[in-house]
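Structure first, then comments.
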Amino acid sequence: MNHNEIERKWQGIWNDTGINTFDDKAKGDKHYVLEMLPYPSGAKLHMGHWYNYGIADSYARFMRMNGKNVFQPMGFDAFGLPAENYAIKTGVHPKDSTDVNIATMERQLRDMGTMVDWNHEFRTCAPDYYKWTQWLFLQLYKNGLAYQKKAPVNFCPSCQTVIANEQVVDGKCERCKTEVVRKEMTQWFFKITDYAEKLLNGIDALDWPEKTKTMQRNWIGKSVGGEVIFDLVKLVGDIKSITVFTTRADTLFGVTYVVLAPEHPYVSAIVTDEQRAAVDAYVAQAAKQSEIERTSTSKDKTGVFTGAYCINPINGEKVPVYVADYCLSTYGTGAVMGVAAHDTRDYAFALKNNMPIKRVICGKNGNDELPFTEYGVMTNSGEFDGLTSDKGKIAVLEKLAKLGHGGKKTNYRMRDWSVSRQRYWGAPIPMIYCDRCGAVPVPEKDLPVTLPYDVNFTPDGKSPLARCEEFTKTVCPVCGKPSRRESDTLDTFVCSSWYYLRYPDAHNDKAPFDKKTVNKMLPVDCYVGGAEHACTHLLYSRFITKVLHDLGYLDFDEPFKRLVHQGVILGPDGYRMSKTRGNVISADPLIEKYGSDALRLYLMFGFDYTEGGPWSDGGITSCAKFMDRIERLVEEVKNEKASATDGSLDYELNYCIKEVKKDIPEFGFNTAVARLMELVNAMYKYRTSAEYNPAYLKHVLQVTVKLMAPLAPHFCEELNQMLGGKKSVFLESYPICDESKLVKSSTEYAVQINSKIRCKVVLPQGLDRAAIEKAALETAEVKEVLNGATPVKVIVIPERLINLIVN
RNA sequence: GCGAGCGUGGCGAAAUUGGCAGACGCGCCGGACUUAGGAUCCGGUGGGCAACCAUGCAGGUUCAAGUCCUGUCGCUCGCACCA
């Protein structure tokens, strides 16, 4: 069989007959299968794409044959930096290179033979898509969830743009690995922090990998504690007090100082004249430090006294106020209380600055090593002595609330999502700046704000659009006076935060989606993609879905019911495939040689889907061989008249059906293929047996081909036709296991003596424990191994094993 | 540092959730058919001559442990001054 030929043949037939066109009126419950949409990079599809799209497609085809009305769309995440950087290097406009890349990738995706319904395709860089991305921005703006502020942001000097917290990895830009610097800039933010609690609470009910759920929980970083207000001894203007956040109010009596972050707005105000020079120098030095230096835990705990003092509200003690960079301006109130005895950082800082260390918590078993950071019992804490940390921290906060000096408070580690990018190749932010009216949103009727084609996009830290007069010059929609457009573009994660809503109704030009349609088609039933998006795309999408739900657009508030992460296919050397390492395995030559079905089959068979692993050349040949073995059997019996009468293989066949049907929905493709191989091996054995009946083998093959169709779609279509199938195998329903064929008359038991296997005995199936024991003890085999001994205890596991305990 | 996960033949991996460890495949060995075989088909294949020994290592629970518990080593990933 020439695989390339039959693959083209069946793709043509599927295309001509429209078999993969989604029909929402078709029978069966809708089942929305989605893979993370590809970014059209210059290169062709790589092994990771095949692993993601090929195998998820087999899942989709399986669901279809099992009666679901499957919707599997595909599109392109087409805005973004790589295309723009490529343009800067080569002079090819991002739109042009993107168009070319999409054409190539789309052709390859079609060659893969997926059941994607291309009628719903879109690209996020097209005005008819980003019009609605801009619409989404306006909805957030109108509801107070998009706002502008001047704030320190992460700036990547290489990409020449701001990036979000989620896109900073180890202090470096996740894309280009350049060290990120902090920069004060006026930026647009989405108020994802407003949804911290909802995002956290929603996690529990999701059918997602636990690890990913944990990552999101940690990212949100909920921390329940309280605030404590320390009055300043000397008032400075209207600054009366410093508020700190703590999770350990039970240690409040142990406070020996208070710390402000170097960026805290009070620092320059409260500092005394004697200390000003030292403090200014310290603050200036802290500002110069990179994110990496700044957040290194092993770093010395440095800091400077401000000269100011404040009062501990719980005991009236006067404590000094320091400025130290181990206190982060971006978390809590940007100020902390220093409890040297019960916090490792405070302990180190106190030692360095010769400050008193006051123990106020006792360990339960006399542990008196400091710092003691565990929970214990309060001591040296006045009326609170004897309370456990648990109860004490609440009691202290309640007291503070009565005193008007604090109370309970919950903080989240997550920050707002910065969405402004000073780059060209993105969706323009639909805002207008007017000298009289301020920031004014573009009226929805004027959308899209079209990205101009002719722009000099060489990066210089400012948005390239700012240099484009024809773009920026406009009139204020409110007062009609000349005004200026926002020249930043949106983070591409905004484009991909809502795309799954667009597919069902992808060409709607009246709305981003039809409300009735999305509510019927979503949430996505099974979402397949890499684990690297745990705290970016997957979190943003949940946020946007919840916002649109709260605004009344959606009935559901979680986008992805079930999530599966594929593993990573490594090079044969066990390392990640990379050009520099020279270990890249390209899919194209393999497909030319073995066909796309063989590649798919190997990707299924050779790996645990969620684990991935190193590529092996031998693996794909074994799958090609397996396919040849089936084909030879089909050739041998194709002209017979199929007959189900013989029955020799009924057990093997039905066992295979049962296992494959169990494995595929769990993405257990490796074992599903193994079961099919066992069945084929059994057919070969049957073929050489005395009772070989080709007509019966044909019947078994007809079922097998259906069973395997989702895994090797073109190949099985062809075989199905050879075996007399008149219509596409995907219009057939999936084989059903006949449980009655799995009943065997007897079971082979392993017989253990003192837990060691000594012999095997065959007994009738379905006996109860007592009968099994009795029957086993009467067999010659057991009598022999017992050698006259009498068991003092007998353990029987029905249909498995018998353990005889003798002294 | 904290958290999670993983560690099984020469290799990729299975193991009905505490019940015959190594399914299935690669590789290797042997046989058949062949002028030939890197095609195909059939058989064998954890180690050890054996009793037995084997799931990173050391203990424990159990009639029974790859699976549960404790400790330990190694690898991977995530978080990392979050008060």
Side-chain angles (χ1 to χ4, degrees), chain A residues 169-171 209-219 221-223 225 228 244-249 251 259 261 294-301 324-328 330-339 342-346 348-349 373 411-415 531-532 534-535 568 602 605-608 611 613-623 625-626 628-629 632 658-659 662 668 670-681 684-685 687-688 748-760 791-806:
Chain A
V169 177
D170 292 331
E210 274 312 314
K211 195 171 174 176
T212 305
K213 299 211 279 187
T214 304
M215 280 170 69
Q216 287 208 354
R217 285 192 194 100
N218 291 341
W219 186 263
K222 181 177 181 174
S223 180
V228 185
V244 305
F245 175 75
T246 180
T247 54
R248 291 297 303 274
T251 65
V259 184
R294 185 71 192 269
T295 57
S296 155
T297 42
S298 55
K299 188 175 153 275
D300 257 7
K301 298 286 174 282
D325 68 359
Y326 81 88
C327 178
L328 304 177
T330 45
Y331 183 73
T333 60
V336 293
M337 59 191 211
V339 185
H342 304 294
D343 182 283
T344 46
R345 298 151 299 180
D346 296 345
F349 188 71
T373 57
N411 261 331
Y412 299 90
R413 198 177 305 197
M414 185 169 63
R415 322 275 160 72
E532 66 276 14
C535 294
V568 180
Y602 169 56
F605 178 60
F607 310 86
D608 175 331
E611 289 290 318
W615 174 268
S616 125
D617 283 326
I620 190 166
T621 52
S622 76
C623 286
K625 202 171 112 185
F626 170 57
D628 288 347
R629 271 165 74 79
R632 274 193 290 275
K658 187 177 178 172
E659 293 298 305
K662 198 177 70 201
N670 51 352
T671 45
V673 176
R675 297 293 88 80
L676 284 162
M677 286 172 165
E678 282 167 353
L679 177 59
V680 171
N681 289 344
Y684 269 85
K685 200 157 270 172
R687 193 173 146 269
T688 55
E748 188 189 58
Y749 280 84
V751 179
Q752 299 179 327
I753 295 193
N754 290 342
S755 304
K756 288 207 191 304
I757 306 251
R758 282 296 174 263
C759 68
K760 307 265 170 95
V792 293
K793 191 174 173 187
V794 178
I795 292 138
V796 174
I797 309 297
E799 315 306 330
R800 276 194 213 296
L801 157 153
I802 300 155
N803 191 3
L804 306 169
I805 310 302
V806 298

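Residue numbers start from 1 in every chain, and the chains themselves are labelled A, B, ... in the order their sequence lines are given, proteins ahead of strands.
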- For B:U45, what is the paired nucleotide under Watson-Crick or G-U wobble rules, both distances under 3.5 Å? B:G27

- To the nearest angstrom, the CG-P distance between A:L328 and B:A80 comes to 11 Å

- Query: Using atom P of each nucleotide, how far apart are B:C26 and B:C41 to the nearest Å?
  - Reply: 11 Å

- Item | Rounded distance in Å between the P positions of B:G25 and B:U40 | 14 Å

- Go through the side-chain N and O atoms of A:R413 and A:N218 and say whether any donor and acceptor fall under 3.5 Å apart. no

- Item | Note, A:Q752 side chain near A:I757 side chain (heavy atom, < 4.5 Å) | yes

- Please determine, for B:C57, whether a Watson-Crick or G-U wobble partner exists with both distances under 3.5 Å, and give it or none. B:G71

- Could you tell me which nucleotide pairs with B:C81 by Watson-Crick or G-U wobble geometry, both distances under 3.5 Å, or answer none if nothing does? none

- Message: Rounded to whole Å, please give me the gap between CH2 in A:W219 and C1' in B:A80.
- Response: 11 Å

- With distance as the sole criterion, is a donor-acceptor pair present between the side chains of A:N411 and A:S223 under 3.5 Å? no

- Message: Any strand counts, and the cut-off is 3.5 Å on both contacts for Watson-Crick or G-U wobble. Which nucleotide pairs with B:G38?
- Response: none

- If you measure from the C1' atom in B:G22 to the same atom in B:G44, how many Å do you get, rounded? 16 Å

- Note on the structure: With sugar-phosphate taken as primed atoms, P, OP1 and OP2 and all else as base, the protein-contact string of nucleotides 1-19 of chain B at under 4.0 Å (heavy atoms; B, S, -) is -----------BSS-B--B

- Message: Measuring only the P atom in each nucleotide, how far is B:G1 from B:G46? A whole number of Å is fine.
- Response: 42 Å

- Just jot down the side-chain contact (heavy atoms from CB on, under 4.5 Å) partners of A:R217, sequence neighbours excluded, or say none. A:L200, A:I203, A:D204, A:E210, A:K213, A:T214

- Take atom P in B:C42 and the same atom in B:C33, then report the distance between them in whole Å. 15 Å

- Would you check if A:D346 and A:Y326 make a side-chain contact, meaning some heavy-atom pair closer than 4.5 Å? yes

- Query: What integer number of Å spans the C1' atoms of B:G9 and B:G5?
  - Reply: 24 Å

- Query: Taking only side-chain nitrogens and oxygens of A:Y331, does any of them come within less than 4.0 Å of OP1 or OP2 of B:A83?
  - Reply: yes

- Query: Rounded to the nearest 0.5 Å, how far does OH of A:Y749 lie from CG of A:N803?
  - Reply: 14.0 Å

- Query: Does some side-chain heavy atom of A:Y602 sit less than 4.5 Å from a side-chain heavy atom of A:S622?
  - Reply: no

- First locate atom CE of A:M337, then atom OG1 of A:T246, and finally report the distance between them rounded to the nearest 0.5 Å. 3.5 Å

- Partner of B:U16 under the Watson-Crick or G-U wobble criteria, both distances under 3.5 Å, comes out as none

- Message: Taking only the P atom of each, what is the distance from B:G59 to B:U67 in whole angstrom?
- Response: 14 Å

- Along nucleotides 37-54 of chain B, 5' to 3', which nucleotides get a B, which get an S, and which get a -, given that the test is a protein heavy-atom distance under 4.0 Å? ---SSSS--------SS-

- Using atom C1' of each nucleotide, how far apart are B:A65 and B:U8 to the nearest Å? 14 Å

- How about A:I805 and A:N754: do any of their side-chain heavy atoms sit closer than 4.5 Å? yes

- Note on the structure: 5'-most contact on RNA chain B (nearest-nucleotide basis), A:G619 vs A:E678, goes to A:E678

- Message: Taking syn as a glycosidic torsion within 90° of 0 and anything else as anti, which one is B:G78?
- Response: anti

- Query: Heavy atoms, side chains only, cut-off 4.5 Å: are A:T671 and A:E659 in contact?
  - Reply: no

- Assert: residue with more 5' nearest nucleotide on RNA chain B, out of A:R413 and A:I757, is A:I757

- Note on the structure: Scanning all shown strands, the Watson-Crick or wobble mate of B:A4 with both distances under 3.5 Å is B:U76

- Hey, is B:U17 sitting syn or anti, using the within-90° cutoff around 0? syn

- Report the nucleotide, chosen from B:C63, B:G78, B:C20, that has the shortest atom-to-atom distance to any side-chain atom of A:E748. B:C20

- Query: Do A:V339 and A:R248 have side chains that get closer than 4.5 Å, going by heavy atoms?
  - Reply: no

